[in-house]
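Both backbone and side-chain heavy atoms feed into the values below; hydrogens, waters and symmetry mates do not. In what follows, chains carry the letters A, B, and so on, assigned in the order in which the sequence lines appear, proteins first and then strands, with residues in each chain numbered from 1.
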There are 2 protein chains.
Amino acid sequence: MEVTTLEHSMDEPTRLMPTLEDCSITRQILDRVGDKWSVLIIVNLGAEALRFKELQRRSGGISQRMLTQTLRHLERDGIVWRKVTPTVPLTVEYGLTSLGESLLNPLTSLVEWVNRNNTEIAKARIGYDRQHETQE
Amino acid sequence: MEVTTLEHSMDEPTRLMPTLEDCSITRQILDRVGDKWSVLIIVNLGAEALRFKELQRRSGGISQRMLTQTLRHLERDGIVWRKVTPTVPLTVEYGLTSLGESLLNPLTSLVEWVNRNNTEIAKARIGYDRQHETQE
DNA sequence: CGGTATCCGCGTGGATACTG
DNA sequence: CAGTATCCACGCGGATACCG
């Protein structure tokens with residue numbers, strides 16, 4: 001990976017800036033992370049492997065269709081595994097692969113950033129909205 | 001770096017992640033990060049403050065409308081600042097606030113994760129697709 | 001230069017019904 | 001239980017035209 005040394009006058013030391021604009025694959029993965037349910041599913045599976053119905057219950061109001069779709073995408077990307085036990089009725093379990101586990105870390109730091117800064121963001125929004133409510 | 005095998009016993013009730021499903025604000029920020037252009041804009045502004053046109057040129061094929069919209073959202077959230085200099089013609093500069101700078105870190109780790117694992121993901125996709133191409 | 005306004009196609013995702 | 005199939009509303013985002 002090429003390292004771009006940036007002369008930051010901020011308190012930040014040198015940071016390597018990964019080029020992302022040229023990798024279409026990066027865009028694709030980011031889209032996956034950014035879609036409506038992926039993060040929630042990954043986090044829920046991060047604690048333990050779960051069956052379909054249980055996963056659905058823990059994921060708030062996700063519909064059956066969206067849960068299936070999201071799981072298929074994540075399975076295709078090698079982030080979750082799927083194990084079918086042919087009992088009657090069927091038992092299907094989902095969990096994170098090692099790749100998925102490794103994704104949990106950057107994802108966690110992102111979620112933690114949000115949790116750390118959500119009040120500041122909320123304040124910023126209020127300030128912005130007040131300043132721009134000249135006329136409605 | 002190999003994945004630290006975090007083996008969660010099934011009876012382990014404690015969560016290793018902050019709960020995100022109950023915070024609607026978290027969902028909102030994640031949506032922002034996940035939308036088509038935000039990450040690209042933030043990373044581009046991470047290097048240096050930029051004027052509108054220059055930012056547009058560095059952001060590949062983003063349209064004027066989407067760039068404006070994305071910047072307004074990020075400004076509202078307190079992630080980027082906007083400075084207007086009333087020259088003729090107008091000079092408008094955008095940059096990251098300290099909040100935005102702090103977001104750069106988790107974002108970078110996420111992008112780096114993608115860069116580290118994109119080949120593995122690509123392989124996983126090929127394998128999945130081959131296994132599921134029963135008929136086309 | 002740095003936007004806003006308008007139109008519109010297309011994909012995302014919800015609701016519902018049905019299957020193995 | 002764990003899906004698939006179908007229909008459809010909504011909003012994202014592109015293209016284009018115009019403004020201060």
Whole-Å distance, A:Gln56 CD to D:dG3 C1', equals 11 Å
A:Glu93 CD to D:dC1 P, in whole Å, measures 15 Å
Taken to the nearest whole Å, CG/A:Leu90 to P/D:dA2 is 8 Å
Here the distance between atom P of D:dA2 and atom CE of A:Met66, to the nearest Å, is 18 Å
Write down the protein N/O and nucleotide N/O pairs, taken from nucleotides 5-11 of chain D, whose separation is under 3.5 Å; answer none if there are no such pairs.
| residue | atom | partner | partner atom | Å |
| --- | --- | --- | --- | --- |
| D:dT6 | O4 | A:Arg65 | NE | 3.4 |

Note: contacts of residues 69-83 of chain A with DNA chain D (heavy atom, under 4.0 Å) are A:Arg72, A:Arg82
From the candidates D:dG3, D:dA2, D:dG13, the one with an atom nearest any side-chain atom of A:Lys53 is D:dA2
Do B:Arg58 and B:Glu48 sit within salt-bridge range, that is, some charged N less than 4.0 Å from a carboxylate O? yes
Ignoring hydrogens and angles, tell me if any N or O in the side chain of B:Glu101 forms a donor-acceptor pair with the backbone of B:Gly46 under 3.5 Å. no
Under a 4.0 Å heavy-atom criterion, DNA chain C is touched by chain B from C:dC1 to C:dT6
Under 4.0 Å between a side-chain N or O of A:Tyr94 and OP1 or OP2 of D:dG3? yes
Of A:Glu54 and B:Pro89, the one whose nearest nucleotide on DNA chain D sits closer to the 5' end is A:Glu54
Problem set entry | Donor-acceptor pair between A:Arg125 and B:Gln28 side chains, under 3.5 angstrom | yes
| message | Does this structure show an ion pair linking B:Arg27 with B:Asp31, if we count only N-O contacts that are shorter than 4.0 Å? | response | yes
Side chains of B:Asn105 and B:Thr108: do they bring a donor and an acceptor to under 3.5 Å? no
B:Leu67 atom CG is separated from D:dC12 atom P, nearest whole Å, by 17 Å
If we only count heavy atoms from C-beta on, is the A:Lys36 to A:Met66 side-chain gap below 4.5 Å?
no
* Decide, yes or no, whether a salt bridge links B:Lys83 with B:Glu93 under the criterion of side-chain N to carboxylate O below 4.0 Å. => yes
Atom CZ of A:Phe52 and atom P of D:dC1 are separated, to the nearest Å, by 11 Å
Worksheet item: Do the side chain of B:Asn117 and the main chain of B:Glu120 share a donor and acceptor less than 3.5 angstrom apart?
Response: no
message: Between A:Ser102 and B:Trp113, is there a side-chain donor-acceptor contact under 3.5 Å, judged purely by atom types and distance?
response: yes
Taking A:Thr97 for the side chain and A:Trp81 for the main chain, is one N or O donor matched with an acceptor at less than 3.5 Å? no
B:Arg57/B:Glu54 ion pair, N-O < 4.0 Å: yes
From CD of A:Gln64 across to C1' of D:dC1 the rounded distance in Å is 9 Å
